[in-house]
Amino acid sequence: MANNWILGIMKYMKEYDHKKIENKWQKEWEKKEIYHAKDQKGQNKKPKYYSLIEFPYPSGDGLHVGHPRPYIGMDVISRKRRLQGYNVLYPIGWDAFGLPTENFAIKTGKDPRIVTKKNSDTFRRQIQSLGISFDWSREINTTDPRYYKWTQWIFLQFLKKGLAYKAKMTINWCPKDKIGLANEEVVDGCCERCGTAVEKREKEQWMLAITKYADRLHKDLDDVDYLPQIKLGQRNWIGKSEGAEIDFPVVNPRVKRFLILHGRSSTPKDNFYPWLKMELESKGFKVEVPEMPGRGEPNDIEQADFVEKNCTLNKETVIVGHSMGGLVALRLLERGIKVHGVVFLATPITGRFLDGKVRSSVTAAAVRGFDYEKIKKQADFFKILSDSTDSVVSQEDGKILAKNLGSFYQAFPGNEPHFSGKEEPEVLSYLLPNIKVFTTRPDTIFGATYLVLAPENPYVQSRMGISENKTEIEKYLIETKKKDEITRLNTEKEKTGVELKGLKVINPATNEEIPVWVADYVLAGYGTGAIMAVPGHDERDFQFAKKYDLPIRRVVEPIQIVTEGESAVKNDQSFVKRNAVCAVVRNPKDNTYLCSSWKAFKMNGLITGGVEEGEDMIEAAKREVYEETGYKNLRLVTNPDFAIQNKFYHRVKKQNRWARFQYMFFDLVDESRDQISEEENQIHDIVWVKKEELKNFFTVIEGQFILDLIDNPNYIFLGRGILHHSQKFDDMDSEQAKKEIIKFVGGKEKTIFKLRDWIFSRQRYWGEPIPVINCQKCGLVPVSEKDLPVELPKVKNYQPTDSGESPLANITKWVNVKCPKCKGKAKRETDTMPNWAGSSWYYLRYTDPKNSKAFADNKNLKYWLGNDPRHGGVNWYNGGNEHTTLHLLYSRFWHKFLFDLKLVPTNEPYMKRTSHGLILAEGGEKMSKSKGNVVNPDDIVKRYGADTLRVYEMFMGPFDQAIAWSEEAIIGPRRFLEKVWRIGEKILTSSNFSALRPSLEYKGGTLGQLKIERSLNLINLLHKTIKKVTEDIEGMNFNTAISSMMILSTEMDKAESVTREDFKIFLQILSPFAPHITEELWNMLGEKKSINLSEWPKHDENLIKDEEVKIVVQINGKLRTEIFVKANENEEDVKRKVLKDENVLRHIAGKEIKRVIYVKNRLVNIVI
RNA sequence: GCCCGAGUGGCGGAACUGGUAUACGCGCACGACUUAAAAUCGUGUCUCGUAAGGGAUGUGGGUUCGAUUCCCACCUCGGGCACCA
């Protein structure tokens, strides 16, 4: 019986026919549903494991050999987990919306649905031929209406919570693809996809408020296990910076008095007028609040008469016209009265006017039809603070009023309704404006010598009218607008800007008046669009200040604290402060510098000394040079007001010193020199040191700063240090001073982010339609959830329109719908979602891919993600480096949002994230169809087999690094598998080879009990290999795992005998890499159940211990010989043995042994 | 410019926490088998040197008994960010 069986095998064996084997097992596995994950916890007691790869975009080019690398990697892990007893979910699907398919449709007119189907069929066939253990029963496709129904549904939840909104945006527009691009899709000012230069366009866009989650997206990275560089990428992109918002009050010397004119019904009813009056008076202004006649049924003409007669009106007056009072102001100006300015507070008070109709004051003004051209000439500025959005369309005869109103606003551009009308400080801030800046360096505010506004900052517009250099500013604004993104963001280019002349603000720290500039190096979209410029401590401000000759003030000075040696600061003593100078004296003849070298101890530095009471700094420096070196004629080159604070212990005076050394640069006029005192001579030597040698010469840290200063006269100190020129904050540590200074200037601590809200609409066809209906009456109305999905209609032409609308806009049948609210005429939104949408939640769908009631059943989510909010999610997610910022960030955002709605059980989607490197073409270039260097896995599978391809891809190099494909090297893994096959063949066919079975003897025992040496070594190696492979897989060190198995296979092949048990263990640890061949051999060895259902072997610690170890013998660190000793041999015995070795004796002959270093089980190093 | 990562044979790469540098694979050379070739197997393969020994992990320095590994400076390549106050 047994013989027959072996004979049968012998016939069957012969060569390794990968085609037969792989086909057979792939069918068998699918038939037995061996890789299908089981949902319900009750049915299986196994712990769950969710491993995930990024689902592919099924492009028309088909799979290339780079695609499967991550799939194989996670497959190895998933297969290992199954053997380790987990219920594994390893799913796949298609991320099939997107541009390439659409562009193909545009070119060929083919329906993207059909193209997608064809492409994904090809991808599926190719991936399946690799024997990856995906659960194909859970396959999903983002373009399937049953899938995108839920993408749309999630969007509606965003809409409901106010996190999806429409905004007019200047967007990046790719003129070739005719598509709006998100910031992250623009690379170097060009379209990420096609490389065309990006243009700017104004467009209404759907936005997702990802910035609301910025802080959590940043902070929660602490809880997840991502590779450090991935976390870093996320953090950089979010761009958190902590700082402060600080107000700089605007100075306007021409305003002396305010005239507050009541509104129609607003008797000093509330605290508003008294409050405003008090506030203004407290700032030193004259304020007049006349008691207006004709309350109740006001008449602006009558009131204007009254004001003209009783109040002071001149060029120093600003009229604050509240409601009806605003009309009175208009009347006055129309009569030819000149004032400095008018602020028209059009708060939401409506009432019955002279014409008997009810409307707000702005509406009333519009109806009156003033002579705006004349009015505008009477005042330097005319500011309308209005909330009267309701008055744009009148309740009664809307159209006419709207027209009039339009002309009113047209007359005063930049005054569109924007005012909330409620907050008193808001009113005040318009009367006495502040410019708000954001800074991360409030500690440097004493060095803020000017302010810079971004050209887009609204304050520039509103202020321009009264600027002395209005035309210059206008010109600059036009210029910057013309500049495209590339030139504007080019840091190399010289900074430009223009001063807002006549405008000064007060630095709230110094109370000095400082100028205000407009410059495009300040970005409107970040912070407040305004900065305080500190040229002394910011490179950009410094460049700008140099160019426009603005004052530079250094307020933070580096500090050096001596902590070692005899000059180390004594912790128990307080400091004695001194002003000191440091003279940098150059001899221009040979470009050397005057230095001193102390005789008593190793200290090399410059000429320094204390400043005496009342002494001038420069004189002090010259005096010190003269006293210490005798040089008489010095010429001051520069005194940059640069100093270093120095804390040390004065050895002579025996006290802690805190000295401030101010650096001054001198040139030697001539070399004339007096004798120096003997006393000085005793202390140090005078040396002239060449500039190149200074670096090595200085023993003190300040040397570094001096070199920076010498090499670069524009050196500015950017680091943390000690404050100076900062009044009461002098001598404080800059970091500590931040908070106190913010408080001192009345600022507010604030954290801001670089992250912008996500532009979520695309004017394209092949994406999920945004499920919103546009109704003239009701505005934006969400499609009711029961009407989802909003399916993409078929179109004839996929070309986007030139106006930038999606091709959907032309499908009138689809676009025109009834409003779900009022049943009136309405239009569908024609924008579609970006293809980040479907991939932001796909991993949730895998847990319950066929659910038609919810995006996934809660039970399934809880099972597969876990129920611990802080430590749950997909167990292991591997993907490409190119997706570690955007896709990861977006899906984390969606997940957190769903978590807040209690729709998912965890706070984070993925517990662990790793990346793989790309596989490049043989030349090291990226594989692409256009370059013609694509390697198709079909050919490799056909020639070498899927197992060989898998082993090769895992073996070729470190998993996380990019690597070039090599057609030559693939033969190595193939030979390895053939060797494995041969060993199996030998075991099956040669009873001699597999006869010796010491397995029962060694189980649980130590190697010492074993007598058969060959097997013994093999068993030792086997167990070491189990350990290594087990560990290496966890660290994704697949290449070294395979390398160790190659070694094992060589040893087994060479061995006189290998037991079935041992070989089967080898097959098990190899099976994640090469599942087909191992399954076949496993089966041939008589196993009835799949190797996939077996148990992952464990190594036996006792069996990997070496009996004998090699000790490396070094002499003076050089390898001389090696000896073998028993493991854990006593140190003395080893040393004794080493010293008897003839090689050793030869080397140490006649020399004295100074030291012997011993590292247990490793080496002996003899120092002679 | 800033921030990461990496530089090791002819090539892909290995080396634990500072302890034999070059594992494993490719290639190449030689040998065995063969009429022959392919395939396979075996042996060898950093470099100089007959040898003893010396020199090599991008370059230069440092710490150490001992450095691919730690520190400093520089060079090159790859990736990310790029006027983010």
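Lettering follows sequence order; numbering is per chain, from 1.
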*asked:* Check the phosphate of B:G25 against A:Asn1039, side-chain N and O only, distance under 4.0 Å to OP1 or OP2. Yes or no?
replied: no
*Indicate the atoms forming the closest heavy-atom contact of A:Ile1166 with A:Ile1153, along with that distance.*
CG2-CG2, 3.8 Å
*Using atom CZ of A:Phe955 as one end and atom P of B:C26 as the other, report the distance to the nearest whole Å.*
8 Å
*asked:* Under a plain distance cut-off of 3.5 Å, with no hydrogens placed, do A:Lys240 and A:Thr751 share a side-chain donor-acceptor pair?
replied: no
_Looking at the base of B:C16, is there any donor atom on it, or on the side chain of A:Arg1162, that sits under 3.5 Å from an acceptor on the other one?_
yes
*To the nearest Å, give me how far apart CD (A:Glu968) and P (B:G13) are.*
15 Å
*Determine the contact category for A:Val1112: base if any of its heavy atoms lies under 4.0 Å from a base atom, sugar-phosphate if only primed atoms, P, OP1 or OP2 are that close, otherwise nothing.*
base
*Going by a 90° cut-off around 0, is B:G9 syn or anti?*
syn
*For residues A:Ser241 and A:Tyr526, is any side-chain donor paired with an opposing acceptor at under 3.5 Å?*
yes
*Send over the distance from A:Leu718 CG to B:C83 C1', rounded to a whole Å.*
14 Å
*If you measure from the C1' atom in B:C81 to the same atom in B:G66, how many Å do you get, rounded?*
41 Å
_Taking the minimum atom-to-atom distance to the side chain of A:Glu1122, which one of B:C41, B:G54, B:U20 wins?_
B:U20
*asked:* When you compare the side chains of A:Asp947 and A:His18, does any donor N or O come within less than 3.5 Å of an acceptor on the partner?
replied: no
*Pick the C1' atom in B:C41 and in B:C46, then give their distance to the nearest Å.*
26 Å
_Any donor-acceptor pair, under 3.5 Å, between the side chain of A:Lys495 and the base of B:C83, if you only look at N and O atoms?_
yes
*OP1, OP2 of B:A85 versus side-chain N and O of A:Tyr521: anything below 4.0 Å?*
no
_5'-most by nearest nucleotide on RNA chain B - A:Asn236 or A:Ile1157_ = A:Asn236
*Please state the C1' separation for the pair B:C72 and B:A67 - nearest whole angstrom.*
15 Å
_Interatomic distance at C1', B:A23 relative to B:U68, whole Å_ = 15 Å
*Integer-rounded Å distance: B:C83 P and A:Lys547 NZ*: 17 Å
*Does a sphere of radius 6.0 Å around NZ in A:Lys750 hold more than 12 heavy atoms from other residues, nucleotides or ligands, not counting ones at 6.0 Å or beyond?*
no
*Between A:Leu1163 and A:Gly527, who's closer to the 5' end of RNA chain B by nearest nucleotide?*
A:Leu1163
_I need the CD1-P distance between A:Ile1115 and B:G53, as an integer number of Å._
10 Å
_Which nucleotide in B:G27, B:G19, B:C81 has an atom nearest any side-chain atom of A:Val1159_ = B:G19
*Rounding to the closest angstrom, what is the interatomic distance between B:G62 and B:U57 at atom P?*
15 Å
_Side-chain N or O of A:His1147 closer than 4.0 Å to phosphate OP1/OP2 of B:G53_ = yes
*Atom CD of A:Glu882 to atom P of B:C81: distance rounded to whole Å?*
12 Å
*Which is true for A:Lys1110 with a 4.0 Å heavy-atom rule: it touches a base, it touches only sugar-phosphate, or it touches nothing?*
base
*asked:* Can you tell me which nucleotide in B:U20, B:G25, B:G13 comes closest to the side chain of A:Met1046?
replied: B:G25
_If you only use heavy atoms from C-beta on, which nucleotide in B:A85, B:A23, B:C26 is closest to the side chain of A:Ile531?_
B:A85
*If only side-chain N and O atoms of A:Arg441 are considered, is one of them under 4.0 Å from the OP1 or OP2 phosphate oxygen of B:A85?*
no
*Under a 3.5 Å limit for both distances, which nucleotide forms a Watson-Crick or G-U wobble pair with B:A36, could you say?*
none
_For the NZ atom on A:Lys1160, are there more than 12 heavy atoms of other groups (residues, nucleotides or ligands in this structure) within a distance under 6.0 Å?_
no
*Choose from B:A85, B:G66, B:G54 the nucleotide whose nearest atom is closest to any side-chain atom of A:Ser241.*
B:A85
*asked:* Can you check the distance between B:G1 and B:U20, where both ends of the measurement are the C1' atom (answer in whole Å)?
replied: 44 Å
*State which of B:C26, B:C24, B:G19 makes the closest approach to the side chain of A:Ile1047.*
B:C24
*asked:* Does the structure show a Watson-Crick or G-U wobble partner for B:C74, both distances under 3.5 Å? Name it, or say none.
replied: B:G58
*Just compare B:G27, B:G55, B:A85 and give me whichever is closest to any side-chain atom of A:Leu523.*
B:A85
*asked:* Once you apply a heavy-atom cut-off of 4.0 Å, does A:Ile1042 come out as touching a base, just sugar-phosphate, or nothing?
replied: nothing
*B:G31 and B:A36: how far apart are their P atoms, nearest whole angstrom?*
13 Å
*Report the base-pairing partner of B:A29 (Watson-Crick or G-U wobble, both distances below 3.5 angstrom), or none.*
B:U43
_Side-chain H-bond candidate by donor/acceptor type, A:Asp541 with A:Tyr521, under 3.5 Å_ = yes
*Round to a whole Å and report the spacing from CD1 of A:Ile716 to P of B:G1.*
16 Å
*What does A:Pro228 touch in the nucleic acid at a heavy-atom separation under 4.0 angstrom: a base, only the sugar-phosphate, or nothing?*
nothing
_Polar side-chain contact A:Glu539-B:G1 base: donor and acceptor under 3.5 Å_ = no
_side-chain N/O A:Arg975 vs B:C26 OP1/OP2, d < 4.0 Å_ = yes
*Between A:Thr1040 and B:A15, does any side-chain N or O lie under 4.0 Å from OP1 or OP2?*
no
*Just checking A:Asn1165: base, sugar-phosphate only, or nothing, at a heavy-atom cut-off of under 4.0 Å?*
base
*Does the side chain of A:Arg1120 get closer than 4.0 angstrom to OP1 or OP2 of B:G66 through an N or O atom?*
no
*For B:C16, which nucleotide is its Watson-Crick or G-U wobble mate, given both distances must be under 3.5 Å?*
none
*Taking the side chain as C-beta and beyond, is there a heavy-atom pair between A:Asn507 and A:Phe446 under 4.5 Å?*
no
*Please state how far atom CZ in A:Phe438 lies from atom P in B:A85, giving the value in whole angstrom units.*
7 Å
_A:Val1113 side chain reached by A:Asp1141 side chain, heavy atoms, under 4.5 Å_ = no
_Side chain of A:Glu978, heavy atoms from C-beta onward: which of B:U40, B:A14, B:G19 has the nearest atom to it?_
B:U40
*Pairwise P distance for B:C26 and B:U40, with rounding to whole Å*: 9 Å
*If only side-chain N and O atoms of A:Arg982 are considered, is one of them under 4.0 Å from the OP1 or OP2 phosphate oxygen of B:U40?*
no
